[in-house]
Amino acid sequence: MTRQAVHAADPSWTLAAWERGLREDPLDRAVTLLSAVAGLGREDAERTELGVRDATLATALERLTAGTAIWGCVRCARCGEQLDVPVRPAALPRGPRYDPARPLEVEVAGVRIAFRLPDTGDLRALAGTDDPRAGRWLLLARCLPDGADGIDEEAAAVIEAAMEEASPGAAVTLAVDCPVCAASTVAALDVPALLWAQVQTRALALLHEVHVLARAYGWTEPDVLALSPARRAAYLELAAG
């Protein structure tokens with residue numbers, strides 16, 4: 001089921017996404033954000049493969065930030081120092097490298113093995129798994145029509161490499177050198193979390209603008225949100241003076 005897509009910079013969308021996201025865990029927030037910016041029902045958003053999901057959210061992030069760099073946060077794997085990392089949304093991968101109309105297959109030892117790409121629902125299924133090895137095989141089993149029975153380590157590695165090649169945007173990582181201990185840390189880039197941080201910051205700023213202008217002029221929230229950013233800024237300046 002599809003709905004009308006909404007521009008991520010729309011103030012009404014920002015407040016609606018923020019209000020719902022406050023009550024959700026990170027995976028549900030990712031579904032909420034994708035559902036809104038892509039015009040998808042929640043079930044379809046849940047089943048959207050991760051590379052497409054994150055590419056769509058990266059485009060929304062780029063629009064929301066007007067293409068400027070934003071800051072991500074990584075903790076040093078050795079000393080725990082918080083490391084701020086600049087991220088340019090325009091540089092993130094866009095779109096998959098496969099034909100959605102054709103089934104995904106890979107050949108291992110002369111045998112063709114079909115697979116699909118992971119989605120948010122698969123990550124949800126892994127949420128209670130603390131063992132990385134167990135999580136890896138559970139994810140693989142979910143993405144193969146017949147499960148992972150009979151799949152050895154070699155075949156698993158080939159399938160995972162094929163997944164990464166088909167959809168590189170599903171597993172973007174950052175390598176950061178710590179200025180304190182000089183250790184290098186590699187961390188996964190969480191695009192939904194980056195977009196959520198921007199939504200949260202902008203929602204609180206919008207609520208402040210509504211509060212000030214409603215008190216100054218007696219306007220309702222829809223009245224204030226209907227103004228362009230330039231007009232809101234001008235009225236705020238007048239109200240402050």
Side-chain angles (χ1 to χ4, degrees), residues 5-10 13-75 77 82-98 100 116-127 132 135 139 142-143 160 163-176 185-204:
V6 181
H7 196 297
D10 179 86
W13 176 86
T14 299
L15 288 177
W18 168 78
E19 186 174 10
R20 177 159 189 163
L22 281 176
R23 307 187 300 270
E24 297 179 322
D25 62 31
L27 290 177
D28 282 331
R29 284 176 189 158
V31 172
T32 291
L33 294 171
L34 181 63
S35 178
V37 299
L40 296 174
R42 291 190 68 84
E43 185 175 342
D44 289 333
E46 177 101 358
R47 292 201 305 255
T48 299
E49 69 99 344
L50 299 177
V52 172
R53 182 198 74 177
D54 285 4
T56 304
L57 296 183
T59 298
L61 186 60
E62 184 179 3
R63 291 173 177 170
L64 199 60
T65 59
T68 60
I70 56 176
W71 291 91
C73 179
V74 175
R75 290 211 172 271
Q82 179 174 302
L83 309 174
D84 293 325
V85 187
V87 178
R88 290 196 173 276
L92 298 178
R94 293 290 195 274
R97 295 177 179 172
Y98 64 93
R116 67 170 178 81
L117 297 170
D119 56 31
T120 305
D122 296 316
L123 296 185
R124 198 183 302 282
L126 302 182
L139 180 62
R142 289 178 60 89
C143 294
E160 289 166 340
M163 288 179 172
E164 185 174 347
E165 181 180 355
S167 187
V172 178
T173 57
L174 297 173
V176 190
T185 297
V186 178
L189 183 66
D190 191 337
V191 177
L194 290 175
L195 180 56
W196 168 250
Q198 291 295 314
V199 166
Q200 192 168 35
T201 298
R202 289 168 185 271
L204 293 176

Minimum heavy-atom distance between Pro93 and Ala55, given as atom pair plus value: O-CB, 3.7 Å
Heavy atoms of Ala170 and Leu50 approach each other most closely as CB-CB, 3.9 Å
Consider side chain to side chain contact (heavy atoms under 4.5 Å, CB included). Of Val74, Asp54, Val85, Leu92, which one does Leu189 pass it with? Leu92
With distance as the sole test, does Arg29 use its side chain to make a donor-acceptor pair with the main-chain N or O of Gly21 at under 3.5 Å? yes
May I ask you to test the Tyr98-Glu49 pair for a side-chain heavy-atom distance under 4.5 Å? yes
Under the 3.5 angstrom rule, does the side chain of Ser35 hit a backbone N or O of Leu40 as a donor-acceptor pair? yes
Do Leu139 and Pro118 have side chains that get closer than 4.5 Å, going by heavy atoms? yes
Minimum heavy-atom separation for Ala17 to Trp196, with atom names? O-CZ3, 3.6 Å
Would Thr59 and Arg94 count as having a side-chain donor-acceptor pair, cut-off 3.5 Å? yes
Report yes or no: does Ser167 contribute a side-chain atom to a donor-acceptor pair with the main-chain N or O of Met163 at less than 3.5 Å? no
For the side chain of Thr185 and the backbone of Ala77, is there at least one donor-acceptor N/O pair under 3.5 Å apart? yes
Hey, does Arg202 have a side-chain heavy atom less than 4.5 Å from the side chain of Leu64? yes
Stepwise side chain to side chain donor-acceptor pair (under 3.5 Å) check, Thr120 with Arg47: CA-CA 6 Å; Thr120 305; Arg47 292 201 305 255; over 6 Å; no
Exceeds 12 heavy-atom contacts within 6.0 angstrom, atom CD of Glu160: yes
Side chains of Glu62 and Arg88: closer than 4.5 Å at any heavy-atom pair? no
Value rounded to 0.5 Å, distance of CZ in Arg53 from CG in Leu33: 9.5 Å
Check ion pair Arg20-Asp28 (N to O, under 4.0 angstrom): no
Shortest non-hydrogen separation from Val37 to Ala60 and the atoms involved: CG1-CB, 3.9 Å
Between the side chains of Thr32 and Glu24, does any donor sit under 3.5 Å from an acceptor? yes
Look at atom CZ of Arg124 and say whether more than 12 heavy atoms of other residues, nucleotides or ligands are closer to it than 6.0 Å. yes
Measure the shortest side-chain to side-chain distance between Leu194 and Trp71 over non-hydrogen atoms and say whether it is less than 4.5 angstrom. no
Checking the side chain of Asp122 only, and the main-chain atoms of Asp119 only, is there a donor and an acceptor separated by less than 3.5 Å? yes
The single option from Ile70, Leu34, Leu61 that satisfies side chain to side chain contact (heavy atoms under 4.5 Å, CB included) with Leu195 is Leu61
